[in-house]
Protein chains: 2
Amino acid sequence: MKLTTKGRYAVTAMLDLALHYGEGPITLADIAQRQGISLSYLEQLFSRLRRQSLVASVRGPGGGYSLGKEAREIFIGEVISAVDENMDTTKCHGAHNCQNNERCLTHDLWSDLSNQIYTYLNNISLQDLMDRKAVREVADRQEHGDVDASLLDQVGTPAGV
Amino acid sequence: MKLTTKGRYAVTAMLDLALHYGEGPITLADIAQRQGISLSYLEQLFSRLRRQSLVASVRGPGGGYSLGKEAREIFIGEVISAVDENMDTTKCHGAHNCQNNERCLTHDLWSDLSNQIYTYLNNISLQDLMDRKAVREVADRQEHGDVDASLLDQVGTPAGV
DNA sequence: TACTTTCCCAACTAAAATAGTCAAGATTTC
DNA sequence: GAAATCTTGACTATTTTAGTTGGGAAAGTA
């Protein structure tokens, strides 16, 4: 199973797009700055998101990205699938050849778990996230940039340290 | 989040122990052969399982490993936690400093997902797995070794190919 | 037209994690 | 004392992650 920074970045960036809906195309540079994600890395991710029609792009000055469909029609699972190849936890990716071409002892366990996670993430839309109070608070903070000055010198410190 | 071969191997090996309960200590060599896992790698995993008292060991000839408590008291989540350091999906591992020392946009999403997975895996015991029909079938197959001869030359082929 | 802004794309790379191997040793049984 | 088994730590190859680099193509603006 893969649920890494790649998927987190993709969902975060998509949520950023959703939160700025109505302001015209949003540039990756804006997202990169607001969400603290490398611009070049975002470009890679958006290349995949675009291929899945999850975002639409406009080139040139004033251009940028916007959601490919409505926020309530885009589900987290889709976004993660678009950038990470799979969210399957089985070794054989659904085939039943995990061990010597036969099903391994725990095949169904991982298969069930995958379904569980998949169902969970495919029932949460970007709109659902936007409706959450905590998300709106963070978005507000990012918007007005009223960051406590005492924290500014810690920018760039690895998370979790 | 980490749900990789390491965790899968650990659960599979523990389930093997559970299935052979009552036969005295089981050697890692047996498990390695039955489940197709490298012996040295199993040694690493069991070192951690033993530190968490999930297994008990007996040295010397006739020795091996047995479950540290009853199969119905050992939960999948425990086993995975013992070998993988964490199954958290948040970047900050529960702290709220994901972005510039503040909570990132999607913190709660990953936090909720982690709880979901954690709850799921901590409600399935080894005994539950043993009670599953599919598991018993695979165990039977492994026991009697009646492997289709046409498959034998495919042993060692990478899964999923 | 020239210039700038933006998306687009492919190749490269450093660091970390994964999935092991290898070598030595400690216990116990026979 | 020899063999079987666990125990430990260090080493290693491969893959993945999380980027960087460098070029381009399209579109708007002067």
Side-chain angles (χ1 to χ4, degrees), chain A residues 1-10 12-13 17 23-33 35-66 68 80 83-87 89 91 156 158-161, chain B residues 1-10 12-13 17 23-33 35-52 54-66 68 80 83-89 91 156 158-161:
Chain A
M1 159 109 172
K2 281 188 290 185
L3 271 182
T4 71
T5 302
K6 201 188 288 186
R8 276 199 299 265
Y9 279 177
T12 302
L17 275 191
E23 302 174 17
I26 306 295
T27 67
L28 289 188
D30 282 349
I31 300 178
Q33 205 201 345
Q35 307 303 336
I37 305 173
S38 136
L39 175 59
S40 330
Y41 201 35
L42 273 182
E43 286 178 343
Q44 274 184 51
L45 300 181
F46 272 72
S47 164
R48 296 187 185 209
L49 294 172
R50 199 175 61 92
R51 270 176 237 150
Q52 303 295 319
S53 305
L54 292 174
V55 297
S57 60
V58 179
R59 286 175 163 190
Y65 285 94
S66 50
I80 294 177
V83 295
D84 274 337
E85 283 69 21
N86 74 89
M87 4 182 252
T89 55
K91 183 179 188 176
V161 175
Chain B
M1 158 108 172
K2 282 189 288 184
L3 270 183
T4 71
T5 302
K6 201 188 286 184
R8 275 198 299 264
Y9 280 177
T12 302
L17 275 190
E23 303 175 17
I26 307 294
T27 67
L28 289 188
D30 281 351
I31 300 179
Q33 206 201 345
Q35 307 304 335
I37 305 173
S38 136
L39 175 58
S40 326
Y41 201 36
L42 272 181
E43 286 174 343
Q44 274 184 50
L45 300 181
F46 272 72
S47 164
R48 296 190 184 205
L49 294 172
R50 199 176 62 90
R51 269 176 236 150
Q52 303 295 320
L54 292 174
V55 297
S57 61
V58 180
R59 286 175 163 190
Y65 285 94
S66 50
I80 294 177
V83 296
D84 273 337
E85 283 70 19
N86 73 90
M87 2 183 254
D88 192 353
T89 56
K91 182 179 188 176
V161 175

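When reading the values below, keep in mind they use all heavy atoms of this one structure, side chains included, and skip hydrogens, waters and symmetry mates. The chains referred to below are lettered A, B, ... by the order of the sequence lines, with proteins before strands, and numbering in each begins at 1. Everything numeric here is computed off the predicted structure, so don't read it as measured data.
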Query raised in the report: Within the structure shown, what part of the strands sits under 4.0 Å from A:F46 by heavy-atom distance: base, sugar-phosphate, or nothing?
Result: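 A:F46: no heavy atom of the nucleic acid under 4.0 Å.
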Query raised in the report: When we call it a touch if two heavy atoms are under 4.0 Å apart, what does B:I26 touch: a base, just sugar-phosphate, or nothing?
Result: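 Sugar-phosphate: the residue B:I26, judged by heavy atoms under 4.0 Å, touches backbone atoms but no base.
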Which listed nucleotide ([options]) is nearest to the side chain of [X]?
X	options	answer
A:R50	C:dT21, C:dC9, D:dC6	C:dC9
A:T27	D:dA18, D:dT7, C:dC7	C:dC7
B:Y41	C:dG20, D:dT7, D:dT20	C:dG20

Sequence-distant partners of [X], side chain to side chain contact (heavy atoms under 4.5 Å, CB included), two or more places apart:
X	value
B:I37	B:Y9, B:Q35, B:L42
A:Q44	A:Y41
A:Q52	A:L54, A:A82
B:S47	B:R51

Query raised in the report: Is the shortest heavy-atom distance from the side chain of B:I31 to the side chain of B:F46 under 4.5 Å?
Result: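 They are in contact (side-chain heavy atoms under 4.5 Å apart), so the answer is yes.
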Query raised in the report: Name the one of B:T4, B:T5, B:T12 that satisfies side chain to side chain donor-acceptor pair (under 3.5 Å) with B:R8?
Result: B:T5
Report task. For A:P25 and A:G63, work out which heavy atoms get closest and say how close. Result ->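 For A:P25 versus A:G63, the nearest heavy atoms are CB-C, 3.5 Å.
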Query raised in the report: the helix from C:dT1-D:dA30 to C:dC30-D:dG1: angle between its terminal axes, five pairs each, to 10°?
Result: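 For the helix from C:dT1-D:dA30 to C:dC30-D:dG1, the axes at opposite ends meet at about 0°.
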For a quick test of reading the model: is some side-chain N or O of [X] closer than 4.0 Å to OP1 or OP2 of [N]?
X	N	result
A:S38	D:dT20	yes
B:T5	C:dA19	yes
B:T4	C:dA19	yes
A:Y65	C:dC8	yes
A:Y9	D:dT17	no

Requested in this report: Kindly indicate whether the side chain of B:Q44 and the base of C:dT18 share any N or O donor-acceptor pair separated by less than 3.5 Å?
Outcome: no
**Report entry** Inter-residue atom distance B:L17.CG - B:S66.OG, 0.5 Å rounding
**Finding:** 7.5 Å
Query - Per-nucleotide protein contact string for nucleotides 23-30 of chain D (B base, S sugar-phosphate only, - none; heavy atom under 4.0 Å) - result: --BSBS--
